[in-house]
Enquirer: 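I am attaching a structure below and will ask some questions about it afterwards.
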There are 2 protein chains.
Amino acid sequence: MNTALPTARPKASARQKLLDAALSVIRTKGYAATTVDELCAEAGVAKGSFFHHFKSKESLGVAAADYWSETTGALFETAPYHRHADPLARVLGYIDFRKALLTGRIEEFTCLVGTMVQEVYDTCPEIRDACDASISGHAAKVEADIAEAMTKYGIRGGWTAQSLALHTQAVLQGAFVLAKAKGNAEIAVASVDHLRRYIELLFHLRKGKDRA
Amino acid sequence: MNTALPTARPKASARQKLLDAALSVIRTKGYAATTVDELCAEAGVAKGSFFHHFKSKESLGVAAADYWSETTGALFETAPYHRHADPLARVLGYIDFRKALLTGRIEEFTCLVGTMVQEVYDTCPEIRDACDASISGHAAKVEADIAEAMTKYGIRGGWTAQSLALHTQAVLQGAFVLAKAKGNAEIAVASVDHLRRYIELLFHLRKGKDRA
DNA sequence: CTTATTATACTGACTGGTCGGTTTAATATC
DNA sequence: GATATTAAACCGACCAGTCAGTATAATAAG
């Protein structure tokens, strides 16, 4: 199987268009309710092309999760919060960056892999693993800054950098669920605010009772 | 096939069996991937019965969300943490109760309406509203204790009882997503621990740095 | 320059099966 | 006698996946 990148790139390849369509459609309707025909229509390619590039709908799901990891990875890699010299400032900058992303339509800020894994965790191990890799890989980058901040500020509670990093992801995923239920991002923003307040408290940036 | 069990049949109506089957199957496979035939097989009920009680699969989804609200409502109503006279003890007791539920197979402790709303928030407003009512109704009960605790202990930060109550639900929903991705409840337990620590900090039960 | 070969990208009609939902006709149960 | 319930046949739409064939483009041979 030669998965090499296309030799020449005259235009967006069918594969690329299908992956972009997958991100959009699956985030809107979920994985199971998304049909191959719909993806082809959205991408403007023939159905044959779909099965030329992906051996099944399931393998597209895996590829979409991987593609999600790449694109979001690039987004966060180049985000401005990395410029802070202080690791705690980077952690809080990350939270603020996530909060700033909570705008526009719901399907534009929610998480592809969080949506997919809810549906297929028990029925499709390959997609589940790809989703796990995406979430855990992202959390690992947050964890690095948290660990550095813990060392720098001598913080040791009954928790680890890893558990706090994963907790940030849990809050975000849960915020997406509530945003979907309520039909707007307001609650998600408020929840991320609580997450920030928690981290500030853990690192003594706030005394218990204070103003916003 | 007539299993010929004359009087052994207790009062479990077909509707009831279908709702129980829906909770189990949808929590395992998601709403879209669940078929009517599968629900009938799981419930041991003829397909005609399904459409006798529910006019469509979608209306079953709404009924399942309502049924979920009832059963979980009863579960929490009778939970022991309500015996605490102190409202803050009730809030923390609620968190501990939620944590204690995080055992067994994943589909046994995850949330039906959180799973469903992820899939259908944009495609089926009626199910989404039923899921929202379930989550928001549950949060409102937590909110009452939080509000009482805020008054009793004179806590006023830049947050409301409502936003904190919804935040607890976001943490739980997100913990379920991560548990599904990782295939076990460990991370969910750790995230609920973080949530408890946050509430303790908000109510001055902890000083920033301390032991577990 | 022309033709043959090879490999990949792509097409769209087609297929076998599944889906939600309907219908019918008979049987329990209250 | 009305309300459940059953079993099975049935329907049309839709589904994932197939297949035979076209398009393009690069390489090599005649």
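Numbers restart at 1 for each chain; the letters A, B, ... are given by sequence-line order, proteins then strands. Computation of the quantities below employed the complete heavy-atom set of this structure, encompassing side-chain atoms and omitting hydrogens, waters and symmetry-equivalent molecules.
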Enquirer: Can you tell me how far P of C/dT29 sits from CZ of B/Arg15, to the nearest Å?
Expert: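 Distance, rounded to whole Å: 21 Å.
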Enquirer: In whole angstrom, give the distance that lies between atom CZ of B/Phe54 and atom P of D/dT5.
Expert: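 Rounded to the whole Å, the gap is 10 Å.
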Enquirer: Is the phosphate of C/dG20, meaning OP1 or OP2, less than 4.0 Å from a side-chain N or O of B/Lys57?
Expert: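 For B/Lys57, the contact criterion (side-chain N or O under 4.0 Å from OP1 or OP2 of C/dG20) is met.
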Enquirer: What nucleotide among C/dT11, C/dA9, C/dC19 has an atom nearest to a side-chain atom of A/His52?
Expert: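 The closest nucleotide is C/dA9.
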Enquirer: Tell me if the side-chain of B/Lys47 makes a donor-acceptor pair with the base of C/dG21, cut-off 3.5 Å, by modelled atom types.
Expert: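 A donor-acceptor contact between them is present.
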Enquirer: Check the distance between D/dC15's C1' and A/Tyr31's OH and give it to me in whole angstrom.
Expert: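 It is 13 Å, rounded to the nearest whole Å.
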Enquirer: On DNA chain D, does the nearest nucleotide to B/Gly48 precede the nearest nucleotide to A/Ala32 from the 5' side, or the other way round? Give the residue.
Expert: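 Looking at DNA chain D, the more 5' nearest nucleotide goes with B/Gly48.
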Enquirer: Tell me: CG of A/Asp37 to P of D/dA13, nearest whole Å?
Expert: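 Rounded to the whole Å, the gap is 15 Å.
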Enquirer: Between C/dC10 atom P and A/Gln16 atom CD, what is the distance in whole Å?
Expert: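 Result: 11 Å.
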Enquirer: Base, sugar-phosphate alone, or nothing: which one does A/Thr34 contact when heavy atoms must sit under 4.0 Å apart?
Expert: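 A/Thr34: backbone/sugar contact only, no base atoms under 4.0 Å.
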Enquirer: Looking at C/dG12, C/dC19, C/dG21, which one has an atom nearest to any side-chain atom of B/Phe51?
Expert: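 Side chain of B/Phe51 sits closest to C/dG21.
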Enquirer: Respond yes when some side-chain nitrogen or oxygen of B/Ser49 is under 4.0 Å from OP1 or OP2 of D/dT6, and no when none is.
Expert: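 Answer yes for this pair, as a side-chain N or O of B/Ser49 is under 4.0 Å from OP1 or OP2.
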Enquirer: Please state how far atom CD in B/Glu58 lies from atom C1' in C/dG21, giving the value in whole angstrom units.
Expert: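 One finds 14 Å between C1' of C/dG21 and CD of B/Glu58, rounded.
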Enquirer: So A/Val36 and A/Phe54, do their side chains get closer than 4.5 Å, heavy atoms only?
Expert: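 Sidechains of A/Val36 and A/Phe54: no contact.
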Enquirer: For A/Leu18 and D/dA16, what is the distance between atoms CG and C1' respectively, to the nearest whole Å?
Expert: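 Distance, rounded to whole Å: 14 Å.
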Enquirer: Test the A/Lys57-A/Tyr31 pair against the cation-pi criterion, namely NZ or CZ under 6.0 angstrom from the six-membered ring centroid and within 45° of the ring axis.
Expert: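 Pair A/Lys57/A/Tyr31 counts as cation-pi.
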Enquirer: Below 4.0 angstrom, N of the basic side chain to O of the carboxylate: do B/Arg90 and B/Glu148 qualify?
Expert: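 A salt bridge links B/Arg90 with B/Glu148.
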Enquirer: Under 4.0 Å between a side-chain nitrogen and a carboxylate oxygen: does that hold for B/Glu77 and B/Lys141?
Expert: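 Salt bridge between B/Glu77 and B/Lys141, a charged N being under 4.0 Å from a carboxylate O: yes.
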Enquirer: In whole angstrom, what separates B/Phe50's CZ from D/dA7's P?
Expert: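 Checked: the CZ to P distance equals 17 Å.
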Enquirer: Between A/Arg197 and A/Glu200, does at least one N-O distance fall below 4.0 Å, as a salt bridge requires?
Expert: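 No.
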